[in-house]
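One is the number of the first residue; the rest follow in order along the sequence.
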Amino acid sequence: MSMRHTVKVRGGAAAAVVAVLALALAGCGGGDKPKARDVQSTSSPQPQGNASGATPTGGGSPAPAQVLASVNGESGMTLVINSVQRDAGGFLTVNGQIKNGGSEAFAGTSAWRGIELKGSGESVAGATLVDKAGKKRYYVLRDTESRCLCTTGISSVAAGQSVVFFAQFPAPPASTTEVEFSLPTFASATVKISG
């Protein structure tokens with residue numbers, strides 16, 4: 001093989017590698033979608049509360065008007081689901097609020113985190129979806145560092161306050177039109193999927 005022929009082969013192989021890498025990066029980029037690990041900080045579907053995750057009922061952003069379901073929990077707590085939407089990336093995002101209608105702060109939020117890794121803090125990662133028709137249970141998605149794609153940092157909910165939350169799940173098949181949403185300490189709620 002001549003030196004010139006060897007250079008052509010290597011140059012062609014380099015061009016092929018560059019083309020494959022460009023395609024891989026384009027597939028991973030997701031266009032205008034944030035990376036999975038940035039979902040919580042950059043594209044949380046709901047406004048952020050204070051450091052404890054609580055937003056006063058009368059302040060901050062107005063509460064979403066649509067209520068798909070409302071279920072009771074312990075100590076005067078209420079869970080309200082405002083939307084259950086399919087996302088273009090094959091996800092299902094649940095948005096809602098957790099309200100404290102009691103007269104004392106609710107500090108039992110550690111039950112909501114599910115099987116979080118040690119030291120990962122409070123979250124709603126213990127939420128699940130059940131597709132009764134398809135006989136499947138879905139758990140909150142996690143990024144590559146095992147952080148949930150959900151609201152985190154909820155250590156307590158003061159009396160009269162609300163915590164806005166979101167949780168992302170793998171999307172059930174398109175034929176599934178409703179799911180049962182569950183979060184520990186609350187009753188389950190059957191909700192219709194939009195989008």
Side-chain angles (χ1 to χ4, degrees), residues 27-49 53 55 63-73 77-99 108-118 120-154 157 162-195:
C28 293
D32 60 349
K33 294 262 185 202
K35 293 179 186 172
R37 61 184 276 168
D38 297 332
V39 169
Q40 178 187 335
S41 61
T42 62
S43 69
S44 174
Q46 296 293 331
Q48 296 292 323
T55 301
Q66 185 176 23
V67 175
L68 299 179
S70 179
V71 293
N72 294 322
M77 299 295 288
T78 305
L79 174 99
V80 175
I81 298 175
N82 299 114
S83 69
V84 180
Q85 286 194 299
R86 290 181 190 276
D87 298 328
F91 306 113
L92 187 79
T93 303
V94 177
N95 292 294
Q97 302 173 59
I98 300 170
K99 300 177 181 182
T109 61
S110 61
W112 301 343
R113 69 179 171 189
I115 54 171
E116 285 286 318
L117 298 174
K118 213 174 205 185
S120 61
E122 309 299 341
S123 70
V124 293
T128 59
L129 288 180
V130 174
D131 171 6
K132 288 185 178 181
K135 298 180 181 178
K136 287 189 178 182
R137 178 180 306 269
Y138 297 92
Y139 295 92
V140 174
L141 290 168
R142 297 188 180 263
D143 67 12
T144 55
E145 295 174 10
S146 293
R147 293 179 298 205
C148 74
L149 299 184
C150 67
T151 299
T152 61
I154 306 169
V157 183
S162 295
V163 175
V164 178
F165 78 91
F166 82 98
Q168 281 192 322
F169 300 88
S175 59
T176 300
T177 58
E178 67 178 27
V179 289
E180 185 178 88
F181 178 84
S182 296
L183 183 66
T185 76
F186 292 96
S188 296
T190 300
V191 289
K192 292 206 177 290
I193 300 171
S194 61

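Contact detail for T78 and F186: the closest heavy-atom pair is C-CE2, 3.7 Å. In this structure, G126 and L183 approach most closely via the heavy-atom pair C-CD1, 4.3 Å. V124 and V140 make their closest contact through O-CG2, 4.0 Å (heavy atoms, listed as atom of the first residue, atom of the second, distance). When all heavy atoms of A125 and C148 are compared, the pair lying nearest together is CB-CB, 3.7 Å. In terms of heavy-atom proximity, N82 sits nearest to Q97 at OD1-NE2, 3.5 Å.
I98 CD1 to T109 OG1: the interatomic distance, rounded to the nearest 0.5 Å, is 9.0 Å. Distance check, rounded to the nearest 0.5 Å: NZ of K99 to CG of L79 gives 10.0 Å. Taking CD of Q168 as the start and CG of L141 as the end, the distance is 6.5 Å to the nearest 0.5 Å. Interatomic distance, R86 CZ to T176 OG1, rounded to the nearest 0.5 Å: 6.5 Å.
The list of salt bridge (Lys or Arg N to Asp or Glu O under 4.0 Å) pairs with a residue in residues 185-195, not counting sequence neighbours, reads E178-K192.
Using modelled atom types, one side-chain atom of T151 and one backbone atom of F166 make a donor-acceptor pair closer than 3.5 Å. Here the side chain of S83 pairs no donor or acceptor atom with the backbone of Q85 at under 3.5 angstrom. Judged purely by atom type and a 3.5 angstrom limit, D87 has no side-chain atom pairing as donor or acceptor with the backbone of G89.
For the pair V191/V94, no side-chain contact is recorded, criterion being any heavy-atom separation below 4.5 Å from C-beta on.
Every residue two or more places apart in sequence or in another chain was checked for a side-chain hydrogen bond (donor to acceptor under 3.5 Å, both in side chains) with T190, and none qualifies. In terms of the side-chain hydrogen bond (donor to acceptor under 3.5 Å, both in side chains) criterion, residue partners of E180 (sequence neighbours excluded) are, by chain and number, K132. Every residue meeting the side-chain contact (heavy atoms from CB on, under 4.5 Å) condition with A187, not counting sequence neighbours, appears here in chain and number order: V71. Contacts of Y138 classified as side-chain contact (heavy atoms from CB on, under 4.5 Å), with partners at least two apart in sequence or in another chain: L129, D131, K136, F169, P170, P172, P173. Not counting sequence neighbours, the partners of T185 by the side-chain hydrogen bond (donor to acceptor under 3.5 Å, both in side chains) test are W112.
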Residues M77, V163; criterion side chain to side chain contact (heavy atoms under 4.5 Å, CB included); working and verdict: CA-CA 11 Å; M77 299 295 288; V163 175; over 6 Å; no

If you apply the rule side chain to side chain contact (heavy atoms under 4.5 Å, CB included), what do you find for F181 with V84, and how did you get there? CA-CA 10 Å; F181 178 84; V84 180; over 6 Å; no

